[in-house]
Colleague: 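This is the structure, below, for whatever I ask next.
In this text, all values refer to a predicted model and were calculated from it rather than measured experimentally. Computed over heavy atoms, backbone and side chain alike; hydrogens, waters and symmetry mates excluded.
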Amino acid sequence: MRTVTKWQVDHPHMWASPGVASGLYDYIQRNVWSTNGAYARFMYHSPVASCLAQLGETTEVRIATDLLMVNPNKGFKWHQDNQNGPVTFDKALRFWVTLDDTPFDHGAPVYIKGSHENTCVPESAVFVDISTGELAQLATNLLEFRPKAGDLLVWHPRTIHKIDGPSTQDWGTRLRRVLGGTVILGDAPYMGEGKALFSDLGRHALQNGDPLKGPLFPRIYPSSVKEERLARERGE
């Protein structure tokens with residue numbers, strides 16, 4: 001995966017242009033599974049799918065969206081994930097697969113324990129003020145993780161969390177490479193109409209309430225689907 005990621009960074013996809021231009025990351029690309037077959041095969045065949053199925057207590061897992069992130073130069077302050085694709089929070093899980101060890105002085109993801117049950121943050125919100133509502137009390141119980149290369153982090157999409165970048169906003173020769181994203185749990189309905197979703201730009205005829213299935217949201221557990229794999233290879 002490190003070799004593939006180096007190739008991807010050296011051959012940037014046009015979808016990475018806005019994020020790279022912002023300086024927030026050295027490289028960031030959404031839906032990399034659909035443009036680079038190595039990431040698709042990783043999601044099809046690695047233990048990640050079965051881990052997500054167990055944690056989500058479900059018999060089927062599909063990709064809603066993924067995100068390749070290299071070196072968050074400015075970090076990402078307290079926020080909830082809302083670019084999860086056309087799926088509701090209760091039918092989704094977030095994940096991170098880390099390709100590098102966490103540096104000793106920055107880069108550790110920090111989560112507010114129990115914040116996924118908060119009632120004060122709107123579902124559409126991204127950045128949040130943790131001094132408001134019940135978050136002020138919940139924020140006294142923080143969980144910091146320092147994952148090593150190959151570790152998997154999984155959390156509820158409404159969990160409030162952050163990651164601090166280096167104080168210089170420059171990782172130098174260090175690397176923090178992560179393949180993250182959102183998966184769909186079980187028989188979830190499509191809920192993307194009327195939303196601005198960077199993760200739902202493919203051509204399809206799905207309407208709110210339709211089963212959230214198909215090659216644009218490929219199954220990875222209990223197995224991938226041949227027809228969906230072939231559609232990806234054809235660029236459909």
Colleague: Can you list the residues that meet the side chain to side chain contact (heavy atoms under 4.5 Å, CB included) rule with Asp164, with sequence neighbours excluded?
Modeller: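 Per chain and number, Asp164 pairs via side chain to side chain contact (heavy atoms under 4.5 Å, CB included) with Lys77, Lys162.
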
Colleague: Is it the case that the side chain of Arg232 and the backbone of Pro215 share a donor-acceptor pair, with hydrogens and angles ignored and the cut-off at 3.5 Å?
Modeller: no

Colleague: Give a yes or no answer on whether the side chain of Gln80 reaches the backbone of Ala125 with a donor-acceptor pair at less than 3.5 Å.
Modeller: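 Answer holds: yes.
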
Colleague: With sequence neighbours excluded, what pairs up with Arg177 under the salt bridge (charged side-chain N to carboxylate O under 4.0 Å, His left out) test?
Modeller: Asp100

Colleague: Please list, chain by chain and in numerical order, all residues satisfying side chain to side chain contact (heavy atoms under 4.5 Å, CB included) with Ala139, sequence neighbours excluded.
Modeller: Ile112, Ile130

Colleague: Give a yes or no on whether the backbone of Gly172 and the side-chain of Asp170 come within a donor-acceptor separation of less than 3.5 Å.
Modeller: yes

Colleague: Do Gln83 and Thr65 get their side chains close enough for a donor-acceptor pair, meaning under 3.5 Å?
Modeller: no

Colleague: How far does NZ of Lys6 sit from OH of Tyr27, to the nearest 0.5 angstrom?
Modeller: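 Result: 13.5 Å between the selected atoms.
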
Colleague: In the structure I gave you, are the side-chain heavy atoms of Met43 and Ile63 within less than 4.5 Å of one another anywhere?
Modeller: yes

Colleague: Indicate yes or no for a side-chain donor-acceptor contact from Thr58 to the backbone of Leu185 under 3.5 Å, with no hydrogens or angles considered.
Modeller: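 Side chain of Thr58 to backbone of Leu185, a donor-acceptor pair under 3.5 Å: no, none is there.
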
Colleague: Holding to side-chain hydrogen bond (donor to acceptor under 3.5 Å, both in side chains), I want the full list of residues that pass it with Asn84, two or more places apart in sequence or in another chain.
Modeller: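 Arg94, Thr182.
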
Colleague: Answer with yes or no whether the side chains of Thr88 and Asp90 bring together a donor and an acceptor at under 3.5 Å.
Modeller: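 Thr88 and Asp90 do have a side-chain donor-acceptor pair below 3.5 Å.
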
Colleague: Between atom CD1 of Ile220 and atom CD of Glu228, what is the distance when rounded to the nearest 0.5 Å?
Modeller: 11.0 Å

Colleague: Does anything in residues 205-217 form a salt bridge (Lys or Arg N to Asp or Glu O under 4.0 Å)? List the pairs, not counting sequence neighbours.
Modeller: Glu60-Lys213, Asp187-Lys213

Colleague: Just verifying a value: how many Å separate Asn31 CG and Asp66 CG, rounded to the nearest 0.5 Å?
Modeller: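 Here the rounded value is 5.5 Å.
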
Colleague: Could you list who else is in Tyr111's hydrophobic cluster, with ILVMFWY side chains joined at under 4.5 Å, directly or through other members?
Modeller: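 Besides Tyr111, the cluster holds Leu24, Tyr25, Ile28, Leu67, Met69, Phe76, Trp96, Val126, Phe127, Leu143, Phe145, Leu153, Trp155, Ile163, Val178.
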
Colleague: How long is the straight-line distance from CG of Asp10 back to OG1 of Thr5, given to the nearest 0.5 Å?
Modeller: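 Rounded to the nearest 0.5 Å, the OG1-CG separation comes to 10.5 Å.
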
Colleague: For Arg176 and Thr98, which I'm curious about, is there any donor-acceptor pair between the side chains at under 3.5 Å?
Modeller: no

Colleague: Distance from Met1 atom CE to Gln8 atom CD, nearest 0.5 Å?
Modeller: 10.5 Å

Colleague: Identify, with sequence neighbours excluded, every residue that meets ring pair (Phe, Tyr, Trp, His ring centres under 6.0 Å) alongside Trp78.
Modeller: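 If we apply the ring pair (Phe, Tyr, Trp, His ring centres under 6.0 Å) test to Trp78, skipping adjacent residues, there are no hits.
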
Colleague: Partners of Leu55 by side chain to side chain contact (heavy atoms under 4.5 Å, CB included), sequence neighbours excluded?
Modeller: Leu93, Val154

Colleague: Can you tell me if Glu144 has over 12 outside heavy atoms packed within less than 6.0 Å of its CD?
Modeller: yes

Colleague: Is it the case that one hydrophobic cluster holds both Leu216 and Leu206, taking links as side-chain heavy atoms less than 4.5 Å apart, direct or via other members?
Modeller: yes

Colleague: Quick one: do Val128 and Val110 end up in the same hydrophobic cluster if we chain Ile, Leu, Val, Met, Phe, Trp and Tyr together by side-chain heavy atoms under 4.5 Å apart?
Modeller: yes

Colleague: Would a hydrophobic clustering, with Ile, Leu, Val, Met, Phe, Trp and Tyr connected at side-chain separations under 4.5 Å, put Leu52 with Leu99?
Modeller: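 Looking at the clustering, Leu99 is in the same group as Leu52.
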
Colleague: Could you work out, with side chain to side chain contact (heavy atoms under 4.5 Å, CB included) as the rule, every residue matching Arg203, not counting sequence neighbours?
Modeller: none

Colleague: About how many Å separate CD of Glu233 and CZ of Arg229, when rounded to the nearest 0.5 Å?
Modeller: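 Between atom CZ of Arg229 and atom CD of Glu233 there are 8.0 Å.
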
Colleague: Is there a path of hydrophobic side-chain contacts, each under 4.5 Å between heavy atoms of I, L, V, M, F, W or Y residues, that connects Leu68 with Trp33?
Modeller: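 The answer is yes; both residues are in one hydrophobic cluster.
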
Colleague: Contact between Phe42 and Leu179 at the side-chain level, heavy atoms closer than 4.5 Å - yes or no?
Modeller: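 In short, these two side chains touch, coming nearer than 4.5 Å.
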
Colleague: Taking only residues at least two apart or on different chains, which pairs with a member in residues 102-124 satisfy salt bridge (Lys or Arg N to Asp or Glu O under 4.0 Å)?
Modeller: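 Non-adjacent pairs meeting salt bridge (Lys or Arg N to Asp or Glu O under 4.0 Å): Asp105-Arg174.
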
Colleague: List for me each residue that meets salt bridge (charged side-chain N to carboxylate O under 4.0 Å, His left out) alongside Glu236, sequence neighbours excluded, and say none if there are none.
Modeller: Arg234

Colleague: Please name all residues satisfying ring pair (Phe, Tyr, Trp, His ring centres under 6.0 Å) with Tyr190, sequence neighbours left out, ordered by chain then number.
Modeller: His204

